[in-house]
Amino acid sequence: VEDSKQFEIRKQDHVRIALGSEVQTTHLSQLDRVQLIHEALPEINFEDVSLETTVFGLPVLSPFFVSSMTAGHPEAKNINLRLAKACEEKGWLMGVGSQRRELIDSEAAKEWSEIREQAPNALLFGNLGLSQLITTPLEAVQTLVDNLEAEGLFIHTNPLQECLQHEGTPQFRGGLEALKNLCAAMDIPVVLKEVGCGFSRLTLSKLDQVGLAAVDVSGLGGTHWGRVEALRNAKRTTEIRSGDQSLGEVFGDWGISTVQSLINIKELNPDYQVWASGGIRSGLDAAKLLALGAQMAGIAKPFLESALREIETGKSCLIPLMQKLEDELRISMFCTGCVNSEQLRSRGVWEWKL
Ligand SMILES: Cc1cc2nc3c(=O)[nH]c(=O)nc-3n(C[C@H](O)[C@H](O)[C@H](O)COP(=O)(O)O)c2cc1C
């Protein structure tokens, strides 16, 4: 069993390494293959464009969300506090980082009670890994949700990362069953997400009837967790599970792109909502994914960077980033003649770039 010091070092490594350009695969998202169709006569006014939407009946001011990142180490509280306050102010949904530590250390839940005091109205979704879910009693999962006062729960599935991580838990047998039981027991929406390797048609086809509220594709094209873990391994002196840092070179482009993952889902016409993340770096990227059918668009790494800059400089960085993303999305909507994201999703306002 991993001790808490080891856990903290791993989480801090993740934050530091995730910021480096060598773990980004933005060129592989395939977003550059998608073009929104410009309308020279949009017949709407810019101020008609509204980003407001609802998530499982809850109103949000935009279809963006801050995708699950860190938790459970000393730096995390400050990062999450800033993210939660910014999301509360802008009316964005926020996914918190993995709450795994709370399963073994009840003190860890204090991170959230303080954040909740300062951001009581933030719309927060909890987070736990599928390989943890498999071995965790449902009452313990309910406690994670209660600790956070969560409105929903992300379960992340990350087979590549768990393989390449020295301390990883690549045990996924029974995952579908665990998901079904969870969805049946929870009275809040459950969203299954990857962490940057996307979803195949075969995997997606197994998810019908599971009871999921949504799948967030989190495809290849942004932060790559194979690369992150390989870089951590490179710094180790002890032997690792199954190789060395060269695994990062072999598996550094592994995954199904964010765009391909979305196309895979839409072809299936699923009984769950489709969300998108993995390499979204502008409001135009988000607009393309909404046009391809996503209800929500999640962003991780740029928000980590921005939160850390805010902590370091004391200057406001998160709200300006959110504003910029929203402006870019609004412009994309206006120039395709769409006044809301429902129109953007349903009007076929995109084409493949030749
Ligand atoms: C520092 C960091 C920590 C992360 N930790 C988690 C996590 O605990 N749980 C999870 O579901 N995803 C986690 N992710 C993955 C993101 O939610 C997201 O799926 C992935 O980074 C792709 O988005 P991006 O390209 O915008 O970074 C983490 C991402 C970053 C950058």
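Just so you know, these numbers come straight off a predicted model, no measurement behind them. Start at 1 and go down the list; that is how both ligands and their atoms are numbered. Computation of the quantities below employed the complete heavy-atom set of this structure, encompassing side-chain atoms and omitting hydrogens, waters and symmetry-equivalent molecules.
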J.: Can you tell whether the side chains of Glu88 and Lys85 come within less than 4.0 Å, N to carboxylate O?
T.: no
J.: If the test is side-chain contact (heavy atoms from CB on, under 4.5 Å), which one of Val66, Leu93, Leu148 qualifies with Leu124?
T.: Leu148
J.: Does the pair Arg101/Glu111 count as a salt bridge with the N-to-O cut at 4.0 Å?
T.: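 Not counted as a salt bridge, because no side-chain N and carboxylate O are separated by less than 4.0 Å.
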J.: Taking only heavy atoms of the protein into account, state which residues are under 4.0 angstrom from an atom of ligand 1, in chain and number order.
T.: Ala18, Ser67, Ser68, Met69, Gly97, Ser98, Asn127, His156, Lys193, Glu194, Val195, Ser218, Gly222, Thr223, Trp225, Gly278, Gly279, Arg281, Ile299, Ala300, Lys301, Leu304
J.: Run the ring-centre check on His224 versus Trp254 and record whether the distance is less than 6.0 Å.
T.: no
J.: Between Arg309 and Glu312, is there a salt bridge with N-O shorter than 4.0 Å?
T.: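 Salt bridge absent between Glu312 and Arg309.
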J.: Using 4.0 Å as the upper bound for N to carboxylate O, is an ion pair formed by Asp327 and Arg330?
T.: yes
